Amino acid sequence: MSWGTELWDQFDNLEKHTQWGIEFVEKYNKFVKERSEIEINYAKQIRNLSKKYQPKKNSREEEESKFSFCRAFFTTLNELNDYAGQHEVIAENLTSQIFVELTRYLQELKAERKTHFHDGRKAQQYIESSWKQLESCKRRFERDCKEADRAQQYFEKMDADINVTKADVEKARQQAQMRHQMASDSKGDYSSYLQKFNQEQNDHYHTIIPNIFQKLQDMEEKRIERIGACMKTFAEVDRQVLPIVGKCLDGMTTAAESIEPKTDSQQVVESYKSGFEPPSDVEFEDYGQAMKRTVSENSLSNAKEGKEKPAGKSKPKLWPFIKNKNKLSLKLGSGPEDFSHLPPEQRRKKLQGKIDDLNKDIHKEMDQRDALTKMKDVYIKNPQMGDPTSVDPRLTEIAQSIEKLQAEVQKFEGWLAEVEERMPSKSDSHRRSGLYETQSNIAVSNNCAQDRESPDGSYTEEQNTETQVKANINPTPNPNTIPTTMPDDEEFDDDDEPLATIGTCKALYPFEGHNEGTIAVAEGELLYVIEEDKGDGWTRVRRNQDEEGYVPTSYIEVNLEPNAKDS
């Protein structure tokens, strides 16, 4: 059904309808844009979530990668990152295939509609102008006819009057004839223009307007067809990424199915075994006899267990489960930077791995430095290729990074040498690093808390009786490097009576004191010293009768009483 034949008199309504059609396209285009923005934001949030739970670049990453369930989770995060990428593809395709195309089409649609209605208004104005001209011809013909009738009546009146001269009568007759001629001419013009108008009106309502309305109808049908195609594309954009999304989900499923509980359980054994034998049975010591203690045949210990103990070990080692609640409170994989919470062999392995990682980083930085140096040489020889000074800031940054990494290597090599010296099989080791030897001029014998550890990582009741000389290596300590290994809890539990004050101290830096046995202090706070640093880096202080605990010795300025210093 054609608009031109059925809606020839609905010009204004068609104008409103086509305008509403354009507004509908604009609304749909806005809908697609907002959907695209939702996909972009969703993909961004998914990527941020994946990044948030990715393993950090530290020693913990190596430990986590040993377990199949951790590797499965990392695979899931990577697949989720790819999954987010598919939503970015959806957003990109919605924008390029629909939004951009519809935006361009809307401009064309508006221009086409404007042209058609401009032609329609022009035709409408023309037929209205013709109608006005026809009305003007009609009114002129009517006026001339009336004037001719009045002139004829005046002539007849003058002709019948005997008092009027013959000249006046002749004048009236000529006037009447002239008016009749004018009326006759007006009649001809009116008749001629009437025929012309009828032809124009016929063309207007049967040819011109129908053609314009037909073009509007074609435009409207194309608009609707375009909207339908866009809606189909809207669905196909999603459908196109479904295979890749399915592969991402399959990857997550495969990763979950690759988890091996028994293998992970065995990894725990491999990661944390110290290699030490459990303690033997405790021998019975008969203090009721003056003679040399012997082992009876009914003793719980056999003959082999009754052999003489090695010299220098007056007391048996305490097993980790008996004492040291602070040790048990350490979380899996957490601990101080020097890995002092680990058994010697495990600690040596961790320190060596850390040194290897730092050396790799140093080599990378050096490679970058060499590449930039070559680039700078090229710029110097060929100034047109670039400014040599533009490379200097990056070279300075790399030099600072290398210096920092080398300092880290030096620190960890010092800890490694310390561990190897303490290990029984490494007592004669001479593997101390040259970088560490360069610092030998600093008199440092500030033994850490591990000096009182047994080889299995637990504390013993033996105390180091050697003279300890403290050296404040880091006068401005970093709170992030506060040791997490605290002195033996027995020192808190065995004293029924409060210790006497042996001096005072002033806090140089704030200390939060989160670990068990420690006490929080504020910068500048004055406290009482009740137990001097025994070489483990901690001093026992008291705030009042009920508040006492350990603080890092390097965090306070100690003033001991004279008698305490003499003793």
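Numbers here simply count residues along the sequence, with the first being 1. Small disclaimer: the values here were computed from a predicted structure and weren't measured. Keep in mind that the numbers below use all heavy atoms, side chains included, and drop hydrogens, waters and symmetry copies.
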Task: Separation between CE of Met219 and CZ of Arg113, rounded to the nearest 0.5 Å - done: 6.5 Å

Open item on the list: Is the ring pair His17/Trp20 parallel, tilted or perpendicular, if the boundaries are 30 and 60 degrees?
Closed with: tilted

Open item on the list: Let's go through Arg394 and Gln368 carefully: what are the C-alpha distance in whole Å and the side-chain angles of both, what is the deciding distance for side chain to side chain contact (heavy atoms under 4.5 Å, CB included) to 0.1 Å, and is it a yes or a no?
Closed with: CA-CA 10 Å; Arg394 178 58 181 159; Gln368 292 186 26; 2.7 Å; yes

- [ ] Report yes if some heavy atom in the side chain of Leu216 is under 4.5 Å from a heavy atom in the side chain of Glu220; otherwise report no.
- [x] no

- [ ] Rounded to the nearest 0.5 Å, what's the gap from NZ on Lys354 to CD on Glu408? Could you check?
- [x] 7.0 Å

Open item on the list: Under the rule for side-chain contact (heavy atoms from CB on, under 4.5 Å), what residues qualify as partners of Met366, not counting sequence neighbours?
Closed with: Ile362, Arg369, Ile402, Gln406

Task: Close side-chain approach of Gln97 and Glu236, heavy atoms under 4.5 Å - done: no

Open item on the list: Are Tyr193 and Phe141 an aromatic pair, judged by ring center distance below 6.0 Å?
Closed with: no

TODO: Determine the sole option in Leu94, Thr95, Ile40 for which the side-chain contact (heavy atoms from CB on, under 4.5 Å) test with Arg35 is passed.
DONE: Leu94

Task: Exercise: do Gln352 and Asp356 side chains pair donor with acceptor under 3.5 Å - done: yes

Open item on the list: Under the criterion side chain to side chain contact (heavy atoms under 4.5 Å, CB included), I'd like the reasoning laid out for Asn29 against Lys33: C-alpha separation, chi angles, the key distance, then a yes or no.
Closed with: CA-CA 6 Å; Asn29 206 30; Lys33 180 182 179 181; over 6 Å; no

Task: Between OG1 on residue Thr233 and CD on residue Glu101, distance to nearest 0.5 Å - done: 10.0 Å

Open item on the list: Do Thr253 and Glu257 make a side-chain contact, defined as non-hydrogen atoms from C-beta onward lying under 4.5 Å apart?
Closed with: yes

- [ ] Kindly write out the residues that satisfy salt bridge (charged side-chain N to carboxylate O under 4.0 Å, His left out) with Arg143, not counting sequence neighbours, or none if the list is empty.
- [x] none

Open item on the list: What's the separation between atom CZ in Arg226 and atom CG in Leu106, rounded to the nearest 0.5 Å?
Closed with: 9.5 Å

Open item on the list: Does the plane of the ring in Tyr42 sit parallel, tilted or perpendicular to the ring in His87? Use 30° and 60° as the thresholds.
Closed with: perpendicular

